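To start, the structure under review is shown below, and the notes come after it.
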Amino acid sequence: RIILNNPKKRNALSLSMLESLRQNILTDVDSDDLRVIIISAKGPVFSSGHDLKELTSAQGREYHTKVFHTCAEVMTLIQDIPVPVIAMVNGVATAAGCQLVASCDVAVATEKSTFATPGVNVGLFCSTPAVAIGRAVPRKVAMEMLFTGTPISAHDALLHGLVSKVVPEERLEEETLAIAQRVCQASRPVVALGKATFQR
């Protein structure tokens, strides 16, 4: 299990968080013992997306490019690795945090969880998250999320396909682990082939 553990910064996907995430995803990825990865978070926010304090003009274009490149790499990696990745969401997922949920193969969320792409409200259109979200939900739902920045509820996220299951908070761990255990009962090569075929 990978835990986003910087609740004071709302689990923002800073460059260091993204690099750590990439490293953790790749750990033992070729081991037959690794069958599934669960990504969860500490605190009331799953992830608020990019750390906007890192994206100021003071940091410079080269640094910004590195942040966005690393983020794209992590999202692509989640789709390319041979084991399923499950997002276990209990709270707010916005912008690149919402993209992270959309990029995972399966997502289980609590009833209180919300999802949004609020970049438009601060002059930063969520163009990169738009790709993953646009693949997960119908076009008009994605457009409304992107153009208004208005959060959607967990139940709306389920209705539109952004998450796989919505559960009460006290059952989040149990339900997520139940899915993970069912994956573990299947053949790793068969699951890997199925995932690769589906992602093609």
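No experiment lies behind these values; they were computed from the predicted model shown.
For the residue pair I133 and C98, the shortest heavy atom distance occurs at CD1-SG, 3.7 Å. The nearest pair of heavy atoms linking P168 to E111 is CA-OE1, 3.6 Å. Of all the heavy atoms in V83 and D105, the pair that sits closest is O-OD2, 4.0 Å. Pairing each heavy atom of G97 with each of L13, the nearest pair is N-CD1, 4.2 Å. Shortest non-hydrogen contact noted between L162 and A107 is O-CB, 4.1 Å. Listed here is the closest heavy atom pair of I78 and C104: CG2-CA, 3.9 Å.
Hydrophobic clustering (ILVMFWY, side-chain heavy atoms < 4.5 Å, transitive): V29 and L193 are in distinct clusters. There is no path of hydrophobic side-chain contacts, each under 4.5 Å, that joins F115 to L159. The hydrophobic clustering, which links ILVMFWY residues whose side-chain heavy atoms are closer than 4.5 Å, places V85 and M17 together. Hydrophobic clustering of Ile, Leu, Val, Met, Phe, Trp and Tyr side chains at less than 4.5 Å, counting indirect connections, keeps V131 apart from F125. The hydrophobic clustering, which links ILVMFWY residues whose side-chain heavy atoms are closer than 4.5 Å, places L26 and I3 apart.
Side-chain atoms of M145 and T150, non-hydrogen and from C-beta on, never get closer than 4.5 Å to each other. Looking only at side-chain heavy atoms (C-beta outward), I81 and I37 come within less than 4.5 Å of each other.
Judged by distance alone, with hydrogens and angles left aside, the side-chain atoms of S48 form a donor-acceptor pair with the main-chain N or O of R10 at under 3.5 Å. Looking only at distances, no side-chain donor or acceptor of T114 sits under 3.5 Å from a matching main-chain atom of I152. In terms of modelled atom types and a separation under 3.5 Å, the side chain of S113 and the main chain of G91 share a donor-acceptor contact. In terms of modelled atom types and a separation under 3.5 Å, the side chain of T94 and the main chain of A116 share no donor-acceptor contact. Panel note: side chain R188, backbone D33; no donor-acceptor pair is recorded below 3.5 Å. For the pair T76 (side chain) and E73 (backbone), a donor-acceptor distance under 3.5 Å is absent.
Around the NZ atom of K195, the shell of radius 6.0 Å holds more than 12 heavy atoms that belong to other residues, nucleotides or ligands. For E170, the CD atom is densely surrounded, since the number of other residues' heavy atoms within 6.0 Å is greater than 12.
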Decide yes or no on side-chain contact (heavy atoms from CB on, under 4.5 Å) for L4 and L21, but give the supporting numbers first.
CA-CA 8 Å; L4 306 180; L21 195 51; 4.1 Å; yes

V74 and I25: side-chain contact (heavy atoms from CB on, under 4.5 Å), yes or no, with the steps?
CA-CA 8 Å; V74 167; I25 289 168; 4.1 Å; yes

Report the C-alpha distance between C184 and V36 in whole Å, list the side-chain angles of each, state the deciding distance to 0.1 Å, and finish with yes or no for side-chain contact (heavy atoms from CB on, under 4.5 Å).
CA-CA 7 Å; C184 291; V36 65; 4.1 Å; yes

Please step through side-chain contact (heavy atoms from CB on, under 4.5 Å) for the pair T110 and V166, ending with a clear verdict.
CA-CA 5 Å; T110 57; V166 174; over 6 Å; no

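Atom-to-atom distance recorded for H160:NE2 and E144:CD is 8.0 Å, nearest 0.5 angstrom. Considering NZ of K9 and OG of S16, their distance stands at 8.5 Å, rounded to 0.5 Å. A distance of 4.5 Å separates CE of M75 from CG of L100, quoted to the nearest 0.5 Å. Atom-to-atom distance recorded for I86:CD1 and I38:CD1 is 5.0 Å, nearest 0.5 angstrom. The line from CD of Q181 to CG of L177 is 6.0 Å long, rounded to the nearest 0.5 Å. In this structure, Q99 CD and T128 OG1 are separated by 6.0 Å, a value rounded to the nearest 0.5 Å.
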Donor-acceptor pairs under 3.5 Å, side chain of residues 39-47 to any protein atom, not counting sequence neighbours: which ones?
from : atom 1 : to  : atom 2 : distance (Å)
S47  : OG     : N11 : O      : 2.8
S47  : OG     : G49 : N      : 3.3

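Residues passing the side-chain hydrogen bond (donor to acceptor under 3.5 Å, both in side chains) test with S127, sequence neighbours excluded: none. K165 is linked by a salt bridge (charged side-chain N to carboxylate O under 4.0 Å, His left out) to E175, counting only residues two or more places apart in sequence or in another chain.
The side chain to side chain contact (heavy atoms under 4.5 Å, CB included) test with P118 is passed by exactly one of V122, V120, N121: N121.
Ion pairing between a basic and an acidic side chain is recognised when a charged N comes within 4.0 Å of a carboxylate O; R1 and E173 show such pairing.
Counting only N and O atoms by type, the side chains of Q199 and D80 include no donor and acceptor under 3.5 Å apart.
Between F68 and H50, the two ring planes are perpendicular [angle over 60°; tilted spans 30° to 60°].
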